[in-house]
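Reviewing the structure listed below.
The residues of the chain are indexed from 1 along the displayed sequence. We use all heavy atoms of the structure for the numbers below, so side chains are in, but hydrogens, waters and symmetry mates are not.
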Amino acid sequence: MLKLGEYLASKGHQVQYFGMEHPDRCVGNRVGVYTETMDFHNSSILSQISYPFKIIYSHEAARKIRILLDDFQPDVVHLNNFNYQLTPSIILMIEKWRKAEGRSCRIIYTAHDFSLVCPNHLMKNPLTKENCELCLGGHFINCIKGRCIHGSLARSLLGATEAYYWKQKKVYRYLDALICCSDFMKKRLDTNPLFCNKTLTLRNFVNKVSKKDKGSGGYVLYFGRYSIEKGFASLMEVCKQLPNIPFVLAGGGSLESTIPNLPNIKNLGFQTQEKLENLIVNSRFTLCPSECYDNCPLSVMESISLGTPVIGANTGGIPELIRDGETGELFTQGNKDELIDRIKRLWSDNERCQKYRTNCLNTEFDDIESYCEKLMKIYQPSDLI
């Protein structure tokens, strides 16, 4: 979002931002309106009591975005993540404003997760650890039955209540277009009749990179979040069973403390973009072992765009990015034995690796320039929608 806003501004567009106030906020708007910070973990008891009401409907967000709308008079409002902190109340206010002003302001939404069709956003039950599609079609009662939000009945009840409330309000009918980062995402959103004529697939963009010479390929690389849904716990079990293959980890997350102290595993932690690119280029191949419906993982796109093959799980939007047997290989999500087999085979086959690398170098993903050319057709009413 930040890179997109910066690029649009460089092309002469006026760009302003609205969201929750936070010490790390680095962008804003000229009238200085933001919603109050909500800290779900470290706030006072009184604040926590009020949060369940605020995350369903935020009067504050609706009131403050109206101030910004009146001042900025936008042609497009592009929504990203708005649930909980801002709530869909802002959509109602944007619709009210554009009707009162007689403006053709477009409301565009980019779906980074499944929040519009699944109260826990991931379509994954935290108790069973299984991917789940029971809420599709608006059957949000299943969120309560499965305790799908942090395994908590109270939180799951709140999440389902929020979903049913906005379903009854039909608030999402005011969205003019829903950008999905994968065909997989599009198909899930299309289960809602309000969305199916408004969705389109536009995958994320990656940084434009110069093709670099391949290094020694002396290790296998995982970079990204160290979390359950990314398959990190399973990956650590795999690394233990492959003591003769060196693994390098780059990133961070809740499972960092679980990384085994073994000679074939090296944890580098968070890396800057330039250092990360060098790590990718110098690896034999990278891994994307996600155990959730990963939408459009940038790690896969960045790796392939730099000429490095990927072994990835056949789940979510990952198979749309990896051409199996050409730019990498797919394995059955969560199947550790299959992943071990893929890693061993590719590690020992330099000829296969080189073939994949050549195909990766000939694979093009959208950079920000080509992405924005497509985005402009969405920003303006056209036959595309």
Side-chain angles (χ1 to χ4, degrees), residues 122-133 182 184 217-251 253-268 279-280 283-297 299-304 308-357 359-360:
L122 281 176
M123 292 176 64
K124 186 179 185 70
N125 186 296
L127 299 179
T128 65
K129 305 292 192 297
E130 294 179 356
N131 293 331
C132 169
E133 302 190 6
S182 66
F184 183 90
Y219 53 87
V220 177
L221 176 66
Y222 171 86
F223 62 102
R225 286 205 312 274
Y226 302 168
S227 61
I228 288 287
E229 68 271 11
K230 291 294 185 179
F232 190 79
S234 296
L235 177 60
M236 292 303 96
E237 293 298 319
V238 167
C239 294
K240 289 178 186 178
Q241 297 184 54
L242 295 170
N244 296 321
I245 296 178
F247 292 88
V248 171
L249 314 174
S254 59
L255 297 185
E256 187 161 10
S257 62
T258 68
I259 297 173
N261 185 19
L262 294 174
N264 70 321
I265 302 176
K266 186 176 183 180
N267 176 31
L268 299 180
L279 282 173
I280 296 169
S283 64
R284 184 78 61 92
F285 51 87
T286 67
L287 301 173
C288 183
S290 290
E291 294 178 2
C292 64
Y293 287 148
D294 223 333
N295 184 16
C296 182
S299 61
V300 174
M301 300 173 72
E302 288 170 345
S303 184
I304 292 175
T308 301
V310 185
I311 296 178
N314 63 344
T315 184
I318 296 173
E320 299 173 31
L321 304 176
I322 301 172
R323 301 199 308 275
D324 193 19
E326 295 183 39
T327 59
E329 297 184 1
L330 298 171
F331 72 97
T332 304
Q333 171 209 311
N335 190 321
K336 287 178 278 192
D337 290 336
E338 201 173 315
L339 177 56
I340 289 170
D341 178 68
R342 295 286 188 277
I343 293 173
K344 287 168 64 176
R345 184 174 67 176
L346 196 53
W347 177 259
S348 61
D349 194 335
N350 286 326
E351 185 177 344
R352 186 189 294 264
C353 267
Q354 183 55 44
K355 183 187 81 168
Y356 289 174
R357 171 171 161 73
N359 291 333
C360 287

State the CG-CG distance between Leu122 and Asn131, to the nearest 0.5 angstrom. 9.0 Å
Test side-chain contact (heavy atoms from CB on, under 4.5 Å) on Val248 and Phe223 and set out the steps. CA-CA 8 Å; Val248 171; Phe223 62 102; over 6 Å; no
In Å and rounded to the nearest 0.5 Å, what is the OG1 to CD1 distance from Thr308 to Ile280? 7.0 Å
Going through the distances and angles, do Glu338 and Arg342 end up as a salt bridge (Lys or Arg N to Asp or Glu O under 4.0 Å)? CA-CA 6 Å; Glu338 201 173 315; Arg342 295 286 188 277; 3.3 Å; yes
Who pairs with Glu130 by side-chain contact (heavy atoms from CB on, under 4.5 Å), at least two apart in sequence or on another chain? Thr128
Please walk me through it: do Glu229 and Ser290 pass side-chain hydrogen bond (donor to acceptor under 3.5 Å, both in side chains)? CA-CA 6 Å; Glu229 68 271 11; Ser290 290; over 6 Å; no
Go through Leu249 and Lys266 one step at a time and tell me if the side-chain contact (heavy atoms from CB on, under 4.5 Å) criterion holds. CA-CA 6 Å; Leu249 314 174; Lys266 186 176 183 180; over 6 Å; no
Close side-chain approach of Leu279 to Leu268, heavy-atom, < 4.5 Å: yes
Just list the side-chain donor-acceptor pairs under 3.5 Å for residues 313-324, sequence neighbours left out, or say none.
from	atom 1	to	atom 2	distance (Å)
Asn314	OD1	Gln333	N	3.0
Thr315	OG1	Cys292	O	3.4
Thr315	OG1	Gln333	OE1	3.0
Glu320	OE1	Asp183	N	2.9
Glu320	OE1	Arg203	NH2	2.6
Glu320	OE2	Asp183	N	3.3
Glu320	OE2	Phe184	N	2.9
Arg323	NE	Glu326	OE1	2.9
Arg323	NH1	Thr363	OG1	3.1
Asp324	OD1	Leu330	N	3.0

dist Glu291:CD -> Ser227:OG (nearest 0.5 Å) comes out at 9.5 Å
Over all atoms of both residues, closest heavy-atom pair of Leu255 and Ala233: CD1-N, 4.0 Å
Between OG of Ser254 and OH of Tyr226, what distance do you get to the nearest 0.5 Å? 11.5 Å
Among all residues two or more places apart in sequence or in another chain, which pass the ring pair (Phe, Tyr, Trp, His ring centres under 6.0 Å) test with Tyr222? Phe232
Between Lys124 and Tyr293, is there a donor-acceptor pair closer than 3.5 Å when you use the side chain of the first and the backbone of the second? no
Could you check whether any side-chain heavy atom of Met301 comes within less than 4.5 Å of a side-chain heavy atom of Cys296, counting everything from C-beta outward? yes
Answer yes or no: is there a side-chain heavy-atom contact under 4.5 Å between Leu346 and Cys353? yes
Tell me which pairs pass ring-ring contact (aromatic ring centres under 6.0 Å, His included) where either residue lies in residues 321-356, with sequence neighbours left out. none
Distance-only criterion, 3.5 Å: show the donor-acceptor pairs between side-chain atoms of residues 235-247 and protein atoms not counting sequence neighbours.
from	atom 1	to	atom 2	distance (Å)
Glu237	OE2	Lys240	NZ	3.4

Consider only side-chain N and O atoms of Ser182 and Asn295, and report whether a donor and an acceptor are under 3.5 Å apart. yes
Arg352 vs Glu329, test: side-chain contact (heavy atoms from CB on, under 4.5 Å). Steps then yes/no. CA-CA 11 Å; Arg352 186 189 294 264; Glu329 297 184 1; 3.5 Å; yes
Can you tell me how far apart NZ (Lys336) and CG (Asp341) are? Round to the nearest 0.5 Å. 15.5 Å
Heavy-atom donor-acceptor pair, Lys129 side chain to Pro126 backbone, under 3.5 Å: yes
So, does Tyr219 use its side chain to make a donor-acceptor pair with the main chain of Arg284 at under 3.5 Å? no
Under the salt bridge (charged side-chain N to carboxylate O under 4.0 Å, His left out) test, residues paired with Glu133 that sit two or more places apart: Arg188
Are Val310 and Thr327 packed together at the side-chain level, in the sense that at least one heavy-atom pair is separated by less than 4.5 angstrom? no
So which heavy atom on Gly328 is nearest to which on Pro309, and how close? CA-CB, 4.4 Å
N/O donor-acceptor pair under 3.5 Å between Ser348 side chain and Arg345 backbone: yes
For Ser303, is there any backbone N or O sitting under 3.5 Å from a side-chain donor or acceptor partner on Thr286? no
Check: Ile304 and Asn359 side chains under 4.5 Å, non-hydrogen atoms: no
